[in-house]
Protein chains: 2
Amino acid sequence: MAKTISEIAEATGYSRTTITMVLSGRASQYRISARAQKIIQAYVDEHGVTINQTARNLKTKRSQTVGFIVPDIANAFFAHVTAHLEGLCRAEGLVLVTTSSLEDPETEKRAIDSLLARGVDGLVLAPCAPRPPEPSRKRGRNTPLILIDRAYPEDQAPVISSNHQVSAHLVTREMIAAGASRIAFLCGHPDNPSIQDRIEGFRKAVVEAGLSDEDVQLLSAPEDSAEAGHAMMGQLMSAAGRAPPAILCSSLLVLEGALKRMKGELGAVPRDVIIGTFDYDGLLEFLPNKVFVVQQDEEAMARAVFDLLLQQMSGQKAIKPGRTILETQLVHLG
Amino acid sequence: MAKTISEIAEATGYSRTTITMVLSGRASQYRISARAQKIIQAYVDEHGVTINQTARNLKTKRSQTVGFIVPDIANAFFAHVTAHLEGLCRAEGLVLVTTSSLEDPETEKRAIDSLLARGVDGLVLAPCAPRPPEPSRKRGRNTPLILIDRAYPEDQAPVISSNHQVSAHLVTREMIAAGASRIAFLCGHPDNPSIQDRIEGFRKAVVEAGLSDEDVQLLSAPEDSAEAGHAMMGQLMSAAGRAPPAILCSSLLVLEGALKRMKGELGAVPRDVIIGTFDYDGLLEFLPNKVFVVQQDEEAMARAVFDLLLQQMSGQKAIKPGRTILETQLVHLG
DNA sequence: GTGAAAGCGCTAACAC
DNA sequence: GTGTTAGCGCTTTCAC
């Protein structure tokens with residue numbers, strides 16, 4: 001239905017150059033006659049246009065495209081960041097191409113290469129592994145790169161993340177203040193630097209509260225999943241012979257698994273277990289327990305990422321590999 | 001770091017053609033000498049390659065890219081379908097480009113045009129509005145199109161969706177069997193054909209169970225959100241002066257809003273309210289209520305979509321605008 | 001005011 | 001066996 005530039009040129013009798021000029025809004029700059037503009041505009045209004053972006057990209061060496069690599073798009077946190085980032089991109093005429101690395105460094109690397117080969121104008125990466133020393137920047141095309149969520153010490157690009165350490169510290173402190181005399185932290189994926197930050201915050205809070213070593217437990221599992229949470233809770237319960245009075249979970253999936261284990265062994269989740277968790281779910285509110293939730297601000301994160309990215313894409317500033325830390329919100333439910 | 005074809009040609013002393021042939025694995029077909037292959041392969045192994053996909057796409061008129069338009073990527077159902085679809089695409093060397101329409105037909109149309117202009121080889125659409133009579137198929141490039149989730153009667157492309165009618169019928173029947181003598185269906189977005197199917201299934205079940213008109217209520221709100229659920233539950237409670245004995249919600253968001261209203265007005269969600277809902281959330285299991293959940297099979301949906309898409313992309317079959325209906329699972333919790 | 005022409009980096013038919 | 005060459009559809013400089 002919609003016409004290509006050549007088709008419009010042929011139909012209106014003008015050259016491709018002229019069509020391009022009026023379509024790109026530079027008609028007056030190139031002194032295209034009002035008459036020509038009107039004829040072309042009328043034709044376009046009637047038939048529509050479709051510019052072959054591939055040809056355009058090849059010529060201009062830009063693609064109006066931003067790549068986004070997340071560990072897992074099915075993870076609610078990343079899905080929300082994606083939604084916000086996509087909205088910001090759309091408003092600037094950019095297309096966001098999101099892809100998952102599945103926490104696999106090899107897949108992540110392939111995704112980076114694939115997006116770079118496709119000529120994305122910018123790349124946002126929630127890394128599942130430390131950056132390779134020499135980032136895959138091909139043929140001098142110095143694609144802007146922003147990292148989010150996880151800060152590896154050796155990162156050579158700007159990083160934007162939530163304040164994992166402080167939020168873990170706060171949530172732990174609140175749980176203790178709410179009566180948690182013993183507390184267990186169930187972590188998925190402990191080599192992830194965000195989790196390490198959380199562990200540090202947790203440790204600090206329990207030390208400050210004067211909890212003794214036997215009142216504090218730190219469990220971890222190699223992956224972030226309900227199964228991992230289920231297994232860790234199993235460990236905890238078989239060691240203590242009962243449900244722990246308070247659990248902090250590194251993710252909703254881990255929490256889900258942990259709750260499932262308690263329900264499985266005890267018939268129900270004891271109402272007096274104090275729960276702390278990272279990332280919000282609308283149904284948390286209806287658990288009968290006391291629940292403390294660390295909520296990241298996905299919208300602020302998307303905005304911070306996008307601002308930095310636009311800056312770099314317009315080449316305004318040199319790339320400075322600093323870290324931007326976003327505050328989180330602690331919500332108390334039930 | 002990685003080299004372009006021209007760079008490899010220059011460095012190895014072979015022509016671009018020769019390089020292309022060995023890189024595309026058609027070396028023997030083009031009778032490239034073993035020696036040349038070895039030299040080129042060695043160079044590539046050391047330095048890496050990066051083929052400019054833009055140039056390649058322009059020449060070949062394919063992009064190894066599939067477009068996917070969903071109402072909202074932050075919706076867990078679509079996020080899961082996306083994750084599965086992306087995995088299938090990756091396995092075939094395709095990149096999935098996902099974008100949200102935000103339930104806005106205008107945004108949806110722009111998204112379609114944008115993806116088509118970028119030359120996607122296939123398009124998957126969860127439509128938020130009936131297809132336009134003349135689909136935006138530009139310049140004869142007859143891009144395969146698959147519709148999912150929602151079937152509009154006038155659709156001219158294959159549709160894959162869950163069995164919304166039957167699942168609503170079943171869940172309603174089970175709720176009634178579990179003791180729901182009165183039941184309310186809270187629907188977001190009632191002009192969505194999936195919701196209409198569900199309403200039909202619901203109606204059928206209440207008629208079959210012999211519920212009288214005053215025992216059945218059907219509420220709807222123009223959007224699918226927690227706010228809508230909150231408002232509908234408000235209506236329900238102020239009319240009856242108490243919590244309804246059973247509610248069926250068209251989505252998790254609506255359920256969340258409805259529960260929040262009950263909690264707000266009564267201090268807590270009454271434990272004896274029987275709950276029915278569409279789409280699963282890991283925390284549903286820990287509500288103290290009886291909960292019936294209709295679970296769609298996102299993986300099966302992704303697979304069905306992908307199979308059809310591949311068929312069409314390889315031109316094996318004529319496009320027949322039929323409907324594929326996937327079965328759902330009814331889960332009883334609590 | 002408008003158009004001709006070069007060329008973006010690749011592929012593939014064809015020539016040698 | 002390997003290289004030459006003609007484009008893919010667009011943008012943009014420069015000539016008229």
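Numbers restart at 1 for each chain; the letters A, B, ... are given by sequence-line order, proteins then strands.
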A/Arg26 side chain N/O closer than 4.0 Å to the phosphate oxygens (OP1, OP2) of D/dT12?
yes

Applying a 4.0 Å non-hydrogen cut-off, can you work out what A/Ile5 is touching in the nucleic acid: base, sugar-phosphate, or nothing?
sugar-phosphate

Please state whether the phosphate of D/dT11, meaning OP1 or OP2, lies under 4.0 angstrom from any side-chain nitrogen or oxygen of A/Ser24.
no

Whole angstrom is fine here: how far is it from CD in A/Gln53 over to C1' in C/dC8?
15 Å

B/Arg110: side chain to side chain contact (heavy atoms under 4.5 Å, CB included) partners, not counting sequence neighbours:
B/Glu106, B/Thr107

Here the distance between atom C1' of D/dC10 and atom CD of A/Gln64, to the nearest Å, is 14 Å

Let's see if you can work this out: which of C/dC8, D/dT11, C/dT2 has an atom nearest to the side-chain heavy atoms of A/Tyr14?
C/dT2

Would you kindly give the CD-to-C1' distance between A/Glu7 and D/dC10, to the nearest whole Å?
14 Å

Axial bend angle, the helix from C/dG1-D/dC16 to C/dC16-D/dG1: five-pair end segments, nearest 10°
50°

Nearest to the side chain of B/Ser15 - D/dT12, D/dT4, D/dC8?
D/dT4

Sequence neighbours excluded and cut-off under 3.5 Å, please list the side-chain donor-acceptor pairs for residues 91-100 of chain B, or say none.
from	atom 1	to	atom 2	distance (Å)
B/Thr99	OG1	A/Glu86	OE2	2.7
B/Ser100	OG	A/Glu86	OE1	3.1
B/Ser100	OG	B/Ile73	N	3.2

Taking CG from A/Leu58 and C1' from D/dT11, how many angstroms apart are they, rounded to a whole number?
11 Å

Does a distance-only test, which skips hydrogens and angles, find a donor-acceptor pair under 3.5 Å between the side chain of A/Thr17 and the base of C/dA4?
yes

Closest non-hydrogen contact found for B/Pro158 with B/Leu145 is CD-O, 3.6 Å

A/Thr18 or B/Arg56: which one's nearest nucleotide on DNA chain C is closer to the 5' end?
A/Thr18

For residues 34-43 of chain B, run the donor-acceptor check on the side chains, cut-off 3.5 Å, and write out each pair with its distance to 0.1 Å, sequence neighbours left out.
from	atom 1	to	atom 2	distance (Å)
B/Gln37	NE2	B/Ile32	O	3.0
B/Gln41	NE2	B/Asp45	OD1	3.1

Rounded off to whole Å, could you give me the CD1-to-P distance for the B/Ile51 and C/dC8 pair?
18 Å

Charged N to carboxylate O under 4.0 angstrom, A/Asp113 versus A/Lys109?
yes

Search all heavy atoms of B/Arg323 against all heavy atoms of B/Ser162 and return the closest pair with its distance.
NH2-O, 4.3 Å

Non-hydrogen side-chain atoms of A/Arg118 and B/Gln64 separated by less than 4.5 Å
yes

Quick one: the side chain of B/Lys59 and the base of D/dG7, do they pair up donor-acceptor inside 3.5 Å?
yes

Please report the distance, rounded to the nearest Å, between CZ in B/Arg16 and P in C/dT11.
9 Å

side-chain hydrogen bond (donor to acceptor under 3.5 Å, both in side chains) contacts touching residues 21-32 of chain A (sequence neighbours left out):
A/Ser24-A/Arg26

Would you sort out whether A/Ser15 and A/Thr18 count as a side-chain hydrogen bond (donor to acceptor under 3.5 Å, both in side chains), showing the intermediate values?
CA-CA 5 Å; A/Ser15 73; A/Thr18 308; 3.2 Å; yes

Residue pair B/Asp149 / B/Ser194, side-chain heavy-atom distance below 4.5 Å
yes

CG of A/Asn57 versus P of D/dC8: gap in Å, rounded?
18 Å

Below 3.5 Å, does any donor atom in the side chain of B/Thr20 face an acceptor in the base of C/dA12, or the other way round?
no

For DNA chain C, determine which residues of residues 28-38 of chain A have any heavy atom closer than 4.0 angstrom to one of its atoms, and list them numerically.
A/Tyr30, A/Arg31, A/Ile32, A/Ser33, A/Ala36

Interatomic distance, A/Asn52 CG vs D/dG7 P [rounded to whole Å]:
18 Å

